[in-house]
Amino acid sequence: MKVTIASRAEEVFLSSTEAKILQQRILFLLLYLYQQGYTEFYTNCAWGVPLWSAELISRMKGNYPDILLHLALPHEKQAEKWIFSMKKHYLKIQNFADTIKYLSSPDDRQSFQKADRFMIQNSDLLLFYGTQGFLNYAPRYRETIIETYAKFQNIPVRYI
């Protein structure tokens with residue numbers, strides 16, 4: 001079975017201690033989901049929960065070789081303007097991915113939405129981090145679109 005991992009980008013406001021605690025919660029959830037038969041994981045590698053999850057999944061592959069990591073990236077220049085340390089994580093994860101799919105071109109204003117829809121269309125569950133009604137700095141369509149689309153597609157949503 002397949003899982004999409006996404007967030008509303010609220011985690012960028014967490015302290016480093018809070019982020020480490022959240023990463024531990026994600027690891028425990030990933031292990032639990034694996035035990036429940038979920039072996040394929042999709043992420044768009046956005047900074048925060050999606051990228052952290054991809055890193056955790058890549059580490060899990062050593063003990064669970066049947067785990068697959070699929071990257072559904074909005075476009076090839078996603079991390080172009082990121083600071084070096086963030087970009088380094090992003091590029092390293094690509095080496096561990098089983099598949100990498102670019103869903104759009106950098107000038108497509110709906111590139112993230114296309115990546116979200118692709119992941120949901122290929123998943124059985126959405127693992128989601130975010131608070132209901134939270135307003136963030138991300139473009140408006142990112143506030144609820146993946147969560148709403150999952151529900152529209154009858155994909156269950158599990159909150160982190």
Side-chain angles (χ1 to χ4, degrees), residues 3-31 33 40-64 67-120 122-123 126-150 157-160:
V3 179
T4 288
I5 304 166
S7 79
R8 275 203 185 98
E10 295 174 44
E11 63 273 24
V12 299
F13 299 110
L14 298 176
S15 69
S16 60
T17 302
E18 292 169 324
K20 288 185 188 304
I21 291 168
L22 176 57
Q23 290 170 15
Q24 285 295 323
R25 280 182 29 208
I26 294 167
L27 176 60
F28 290 130
L29 268 170
L30 292 173
L31 289 168
L33 290 172
E40 296 188 46
F41 297 88
Y42 284 85
T43 176
N44 67 7
C45 275
W47 182 253
V49 168
L51 184 63
W52 299 338
S53 298
E55 288 177 313
L56 292 168
I57 293 162
S58 67
R59 288 187 210 141
M60 289 171 61
K61 285 173 154 282
N63 294 323
Y64 309 100
I67 285 182
L68 299 176
L69 175 60
H70 303 291
L71 304 183
L73 305 177
H75 51 77
E76 292 179 2
K77 295 184 178 183
Q78 177 178 358
E80 185 176 76
K81 296 181 181 177
W82 293 8
I83 61 172
F84 178 75
S85 61
M86 291 170 62
K87 188 186 272 189
K88 185 178 172 184
H89 286 286
Y90 175 82
L91 295 173
K92 183 179 177 184
I93 289 305
Q94 292 184 13
N95 293 325
F96 292 99
D98 294 286
T99 63
I100 300 173
K101 184 169 181 74
Y102 296 100
L103 278 296
S104 194
S105 64
D107 60 341
D108 184 347
R109 296 177 56 118
Q110 295 188 353
S111 59
F112 281 88
Q113 187 175 11
K114 287 178 181 178
D116 289 349
R117 287 179 182 244
F118 174 82
M119 292 187 295
I120 292 298
N122 289 285
S123 292
L126 170 60
L127 186 59
F128 190 76
Y129 179 76
T131 320
Q132 187 79 22
F134 180 82
L135 298 175
N136 63 16
Y137 65 88
R140 184 171 175 82
Y141 66 82
R142 288 288 297 159
E143 290 176 15
T144 59
I145 193 69
I146 193 166
E147 190 178 9
T148 303
Y149 189 66
V157 179
R158 176 162 188 159
Y159 295 91
I160 299 173

Please check this pair: side chain of [X] against backbone of [Y], looking for a donor-acceptor N/O pair closer than 3.5 Å.
X: Thr4; Y: Met119; value: yes
X: Lys87; Y: Glu80; value: yes
X: Gln23; Y: Leu56; value: no

For [X] and [Y], which heavy atoms make the closest approach, and how far apart are they?
X: Ala54; Y: Ile93; answer: CB-CG2, 3.6 Å
X: Tyr42; Y: Ser123; answer: CD1-OG, 3.8 Å
X: Val49; Y: Ser7; answer: CB-CB, 3.9 Å
X: Ser15; Y: Glu18; answer: N-OE1, 2.8 Å

Kindly compute the distance separating [atom1] ([X]) from [atom2] ([Y]), expressed to the nearest 0.5 Å.
X: His70; Y: Ile57; atom1: NE2; atom2: CD1; value: 10.0 Å
X: Leu22; Y: Ile160; atom1: CG; atom2: CD1; value: 6.5 Å
X: Leu103; Y: Gln110; atom1: CG; atom2: CD; value: 12.5 Å
X: Gln78; Y: Phe112; atom1: CD; atom2: CZ; value: 4.5 Å
X: Phe84; Y: Leu91; atom1: CZ; atom2: CG; value: 8.5 Å
X: Ser105; Y: His75; atom1: OG; atom2: NE2; value: 8.5 Å

In the structure I gave you, are the side-chain heavy atoms of [X] and [Y] within less than 4.5 Å of one another anywhere?
X: Tyr129; Y: Ile26; answer: no
X: Pro106; Y: Ser111; answer: no
X: Glu40; Y: Asn122; answer: no
X: Asp98; Y: Ile67; answer: no
X: Leu51; Y: Cys45; answer: yes
X: Asn44; Y: Phe118; answer: no

| task | Begin with the C-alpha distance, continue with both residues' side-chain angles, and end with the deciding distance and a verdict on side chain to side chain contact (heavy atoms under 4.5 Å, CB included) for Met60 and Leu31. | result | CA-CA 9 Å; Met60 289 171 61; Leu31 289 168; 3.7 Å; yes

| message | Around atom NZ of Lys20, are there more than 12 heavy atoms from other residues, nucleotides or ligands closer than 6.0 Å? | response | no

| Run the side chain to side chain contact (heavy atoms under 4.5 Å, CB included) check on His89 and Trp47 step by step: do they pass? | CA-CA 9 Å; His89 286 286; Trp47 182 253; 4.1 Å; yes

| task | Going by the side-chain contact (heavy atoms from CB on, under 4.5 Å) test, name the single residue among Leu68, Leu30, Leu71 that passes it with Phe41. | result | Leu30

| task | Could you tell me whether Arg8 and Glu147 have a side-chain N and a carboxylate O separated by less than 4.0 Å? | result | yes

| Could you go step by step and tell me if Arg59 and Leu27 meet the side chain to side chain contact (heavy atoms under 4.5 Å, CB included) rule? | CA-CA 10 Å; Arg59 288 187 210 141; Leu27 176 60; over 6 Å; no

